[in-house]
Colleague: 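What follows is a single structure, and I will ask about it in a moment.
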Amino acid sequence: MPLYRSAAQTGDKATAAELLAALPFINKQDIKRGFPKNFLRAGQTLDELVARKAVEIEHTAGTTDDRADLLLERGWWARQESWALSLNSYVAKVLAENPGAHRVTISSPACNGDITYNGTPSAKRRTLGNTRVLSLSRFPFLLGIDDLDQMLEEALAWDPVFLDTDPVYATVFALHCEFRKVKFARLRFIFTSYEYTSVLHKRILERVFNVPVYNLYGSTETGHLLMEDGAGQMVASRDVAYLDVINEDDRRVGELVVSTLSNDYMPLLNYRIGDLVERRSTAGEPDGASYVLHGRAPDALRSTDGRRVTTRDVDQCFIGCEGLVHYRLNEISTGKFLLSYISEGGGQAMASVSAVVEKLEQLIKPSTRIEMQRVKFLLPEGSGKFVFNYPFAQAISGHVNEPARGAPFSR
């Protein structure tokens with residue numbers, strides 16, 4: 001493949017490790033540059049691959065960058081997802097006991113791999129095999145009662161065994177289920193994916209649905225890389241990819257680098273996925289490691305003493321916080337922060353917020369007190385995904401869409 005020809009310098013007897021070391025790190029721009037010729041082998045053409053139904057053309061959601069087209073082996077997505085889900089023994093048991101289990105997917109319509117749309121197709125058109133997609137809007141906090149009732153009616157009619165969710169969208173849906181006092185008789189578990197899962201989201205989902213909530217991590221271009229097991233640890237799906245961590249700090253938090261193993265038409269080698277993880281040693285695991293997700297690398301903040309503060313670091317300050325649904329921490333100028341938050345039922349939740357702010361100030365050590373702002377809603381990125389932290393460097397580079405801070409209540 002043209003993208004990897006630099007490795008030819010190592011010679012025919014090079015080991016896999018030597019070949020990998022000879023390759024440069026790549027990112028999403030390398031996928032886009034010259035696509036699809038940068039991946040096609042000699043004699044291959046895209047028309048021929050599509051004509052014999054060997055590949056599907058997909059695209060990334062556009063969270064960390066603008067969208068990139070992808071070459072995915074036909075049937076690969078379902079296959080690698082199955083491998084990842086099998087890493088959780090409870091999930092594997094439920095799926096084995098329920099062949100053809102109905103799934104409800106709740107995410108942004110802009111980043112669902114099966115159905116992407118701008119309008120609102122009928123429920124029939126949003127049902128593929130055993131999956132019904134309830135994504136009606138990429139603005140979950142602006143969904144009206146009628147929209148939420150429609151989602152609830154469609155979900156009840158489908159009678160799911162599990163929910164496949166973006167945690168922000170699922171939390172809005174869960175609170176509406178709680179408001180309507182509705183339960184799902186056959187629901188056995190929920191997995192969250194698509195973006196970072198806050199402790200606030202997990203608390204609400206567990207409270208409302210009373211089933212286990214597990215995290216599933218990956219990306220459209222790499223497949224699912226990590227699955228939360230029954231012990232709460234994120235373990236690697238070794239059939240999907242080889243993982244490495246570079247530029248680690250003293251906490252062993254560093255940038256995740258992925259070399260995929262299962263999509264032969266578009267292998268990604270030394271791919272910097274753009275996320276931060278912490279690699280931990282785990283007794284009993286074959287590769288001796290589990291991982292802790294820390295969020296996107298560009299979203300990390302800096303404390304006044306120079307320490308990197310990740311999305312996870314900030315989110316851990318919300319442990320035990322009651323009455324909040326979602327939040328965003330903006331660095332509005334160097335060392336000055338604004339915490340915008342959405343509360344359950346429109347309540348003030350001032351005791352909880354004040355406790356969180358105290359923890360955040362101990363963590364970040366800002367130059368001034370962190371300001372608080374209760375808002376009616378927060379807006380996502382163009383992909384429909386949400387950012388929890390905005391460093392000031394991103395704000396001045398134009399990354400922040402100002403209305404995304406939300407609409408404040410009267411204070």
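Basis for what follows: all heavy atoms, side chains included, without hydrogens, waters or symmetry-related copies.
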Colleague: Quick one: pull up NZ in Lys28 and CD1 in Ile273 and give me the separation to the nearest 0.5 Å.
Modeller: 9.0 Å
Colleague: Could you measure the distance from the CG atom of Asn88 to the CZ atom of Phe189? Nearest 0.5 Å is fine.
Modeller: 8.0 Å
Colleague: Just one of Arg125, Arg126, Arg132, Lys124 clears the salt bridge (Lys or Arg N to Asp or Glu O under 4.0 Å) bar with Glu154, so which one?
Modeller: Arg126
Colleague: Restricting to non-hydrogen atoms, name the atom on Leu363 and the atom on Cys317 that form the minimum distance, rounded to 0.1 Å.
Modeller: CD2-SG, 4.0 Å
Colleague: So which heavy atom on Gly274 is nearest to which on Pro298, and how close?
Modeller: O-CD, 3.7 Å
Colleague: Between the side chains of Asp149 and Arg180, is the shortest nitrogen-to-carboxylate-oxygen separation below 4.0 Å, so that they form an ion pair?
Modeller: yes
Colleague: Is there a donor-acceptor contact under 3.5 Å from the side chain of Asp315 to the main chain of Val199?
Modeller: yes
Colleague: Check whether any side-chain N or O of Arg188 sits under 3.5 Å from a backbone N or O of Pro160 as a donor-acceptor pair, and report yes or no.
Modeller: no
Colleague: Report the relative orientation of the aromatic rings in Tyr169 and Phe386; use parallel for angles under 30°, tilted for 30 to 60°, perpendicular for over 60°.
Modeller: perpendicular
Colleague: Is a salt bridge present between Arg207 and Glu178, judged by a nitrogen-to-oxygen distance below 4.0 Å?
Modeller: yes
Colleague: Using modelled atom types only, decide if a donor and an acceptor are shared between the side chain of Thr222 and the backbone of Gly218 within a distance under 3.5 Å.
Modeller: no
Colleague: Could you pull out all residues at least two apart from Phe184 that satisfy ring-ring contact (aromatic ring centres under 6.0 Å, His included)?
Modeller: none
Colleague: Apply side-chain hydrogen bond (donor to acceptor under 3.5 Å, both in side chains) to Tyr217 and Asp275, showing your working.
Modeller: CA-CA 11 Å; Tyr217 165 80; Asp275 290 328; 2.6 Å; yes
Colleague: May I ask you to decide if the ring planes of Phe39 and Tyr4 are parallel, tilted or perpendicular, using 30° and 60° as cut-offs?
Modeller: perpendicular
Colleague: Quick one: salt bridge (Lys or Arg N to Asp or Glu O under 4.0 Å) partners of Lys37, sequence neighbours excluded?
Modeller: none
Colleague: Roughly how far apart are Ile319 CD1 and Ser198 OG, rounded to 0.5 Å?
Modeller: 9.5 Å
Colleague: Could you go through Glu221 and Ser219, starting from their C-alpha distance and side-chain angles, then the distance that decides it, and tell me whether this counts as side-chain hydrogen bond (donor to acceptor under 3.5 Å, both in side chains)?
Modeller: CA-CA 5 Å; Glu221 63 268 35; Ser219 71; 3.3 Å; yes
Colleague: List the steps, then state whether salt bridge (Lys or Arg N to Asp or Glu O under 4.0 Å) holds for Arg296 with Glu195.
Modeller: CA-CA 9 Å; Arg296 300 193 306 169; Glu195 61 178 307; over 6 Å; no
Colleague: Using a strict 4.0 Å threshold on nitrogen-to-oxygen distance, state whether Glu81 and Arg103 make a salt bridge.
Modeller: yes
Colleague: Run the side-chain hydrogen bond (donor to acceptor under 3.5 Å, both in side chains) check on Asp305 and Ser303 step by step: do they pass?
Modeller: CA-CA 5 Å; Asp305 56 8; Ser303 66; 2.2 Å; yes
Colleague: Would you say the side-chain atoms of Asp166 pair up with the backbone N or O of Ser108, donor to acceptor, closer than 3.5 Å?
Modeller: no
Colleague: Is any side-chain N of the basic residue among Asp239 and Arg79 closer than 4.0 Å to the acidic one's carboxylate O?
Modeller: no
Colleague: With rounding to the nearest 0.5 angstrom, report the CD to OH distance, Gln233 to Tyr291.
Modeller: 12.5 Å
Colleague: Indicate yes or no: does Arg252 engage Glu278 in a salt bridge with an N to O separation below 4.0 Å.
Modeller: no
Colleague: Could you tell me whether the side chain of Thr171 and the main chain of Ile204 form a donor-acceptor pair under 3.5 Å?
Modeller: no
Colleague: For Leu71 and Asn263, work out which heavy atoms get closest and say how close.
Modeller: O-ND2, 2.9 Å
Colleague: Is it true that a side-chain atom of Thr165 and a backbone atom of Phe191 form a donor plus acceptor pair closer than 3.5 Å?
Modeller: yes
Colleague: For the side chain of Arg308 and the backbone of Val253, is there at least one donor-acceptor N/O pair under 3.5 Å apart?
Modeller: yes
Colleague: How long is the straight-line distance from CH2 of Trp158 back to OG1 of Thr105, given to the nearest 0.5 Å?
Modeller: 11.0 Å
Colleague: How long is the straight-line distance from CG of Leu3 back to CG of Leu40, given to the nearest 0.5 Å?
Modeller: 11.5 Å
Colleague: Mind checking whether Phe388 and His201 have parallel, tilted or perpendicular rings, split at 30° and 60°?
Modeller: tilted
Colleague: Closest heavy-atom contact between Cys177 and Val208?
Modeller: CB-CG1, 4.3 Å
Colleague: If we ignore hydrogens and angles and just use 3.5 Å, is the side chain of Glu331 paired with the main-chain N or O of Phe392 as donor and acceptor?
Modeller: yes
Colleague: Do the side chain of Asp30 and the main chain of Asn27 share a donor and acceptor less than 3.5 angstrom apart?
Modeller: yes
Colleague: Is Arg272 paired with Glu255 through a side-chain N to carboxylate O contact shorter than 4.0 Å?
Modeller: yes
Colleague: Going through the checks in order, is the side-chain hydrogen bond (donor to acceptor under 3.5 Å, both in side chains) test met by Glu322 and Ser352?
Modeller: CA-CA 6 Å; Glu322 298 288 338; Ser352 289; over 6 Å; no
Colleague: Taking Thr197 for the side chain and Thr192 for the main chain, is one N or O donor matched with an acceptor at less than 3.5 Å?
Modeller: no
Colleague: Can Arg328 and Asp299 be counted as an ion pair, charged N to O under 4.0 angstrom?
Modeller: no
Colleague: Which ring-ring contact (aromatic ring centres under 6.0 Å, His included) pairs, counting each pair once, include a residue from residues 220-256, with sequence neighbours left out?
Modeller: Trp77-His224
